[in-house]
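All values derive from a computational prediction rather than experimental measurement. The analysis underlying the following values was restricted to heavy atoms, covering all of them including side chains, and did not include hydrogens, waters or symmetry mates.
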Amino acid sequence: MRKRWIFTAVGAVAGGTLAYFMKDEDTRNQMKDKAKSIQDSFGKSDDLPIEEAGQPETDSLDNSDMVAEGSQFGVQYYNELTEKEREILEKSNS
């Protein structure tokens, strides 16, 4: 029962704080820009092609057919890649 009151109080305080900061147009724009920059920082990383491995529809039809048939090539490639990265990190930390 007390947790519900705590969550309600925290929500009310957060809502009041948000309303206070949103009343001025300058601070509203600053908060929007800050939110967009945070959202962009969590965006896709173009460093590794491994990010595209889970999207067979963007690849060729042959590859998507292999995935549909249960090919384990992508899983093995990912495991080998992470193992190599782990070895490099262990060597650099030693």
From [X] [atom1] over to [Y] [atom2], what is the distance, rounded to the nearest 0.5 angstrom?
X: L89; Y: T82; atom1: CG; atom2: OG1; answer: 11.0 Å
X: N29; Y: D24; atom1: CG; atom2: CG; answer: 9.0 Å
X: L81; Y: R86; atom1: CG; atom2: CZ; answer: 10.5 Å
X: L18; Y: R28; atom1: CG; atom2: CZ; answer: 10.5 Å

>> Can you list everything that forms a side chain to side chain contact (heavy atoms under 4.5 Å, CB included) with N79? Sequence neighbours excluded, please.
In response: V75
> Quick one: side chain to side chain contact (heavy atoms under 4.5 Å, CB included) partners of K23, sequence neighbours excluded?
Replying inline: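 So K23 forms a side chain to side chain contact (heavy atoms under 4.5 Å, CB included) with Y20.
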>> Tell me every residue that passes salt bridge (Lys or Arg N to Asp or Glu O under 4.0 Å) with E80, counting only those two or more places apart in sequence or in another chain.
In response: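 Once residues adjacent in sequence are excluded, E80 has no partner under the salt bridge (Lys or Arg N to Asp or Glu O under 4.0 Å) criterion.
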Enumerate donor-acceptor pairs with a distance under 3.5 Å from any side-chain N or O in residues 7-17 to protein atoms, sequence neighbours excluded.
| unit_1 | atom_1 | unit_2 | atom_2 | d |
| --- | --- | --- | --- | --- |
| T8 | OG1 | R4 | O | 2.7 |
| T17 | OG1 | V13 | O | 2.8 |

>> Taking side chain to side chain donor-acceptor pair (under 3.5 Å) as the definition, give me every residue that meets it alongside E25, ordered by chain and number, with sequence neighbours left out.
In response: none
>> Can you tell whether the side chains of E87 and K84 come within less than 4.0 Å, N to carboxylate O?
In response: no
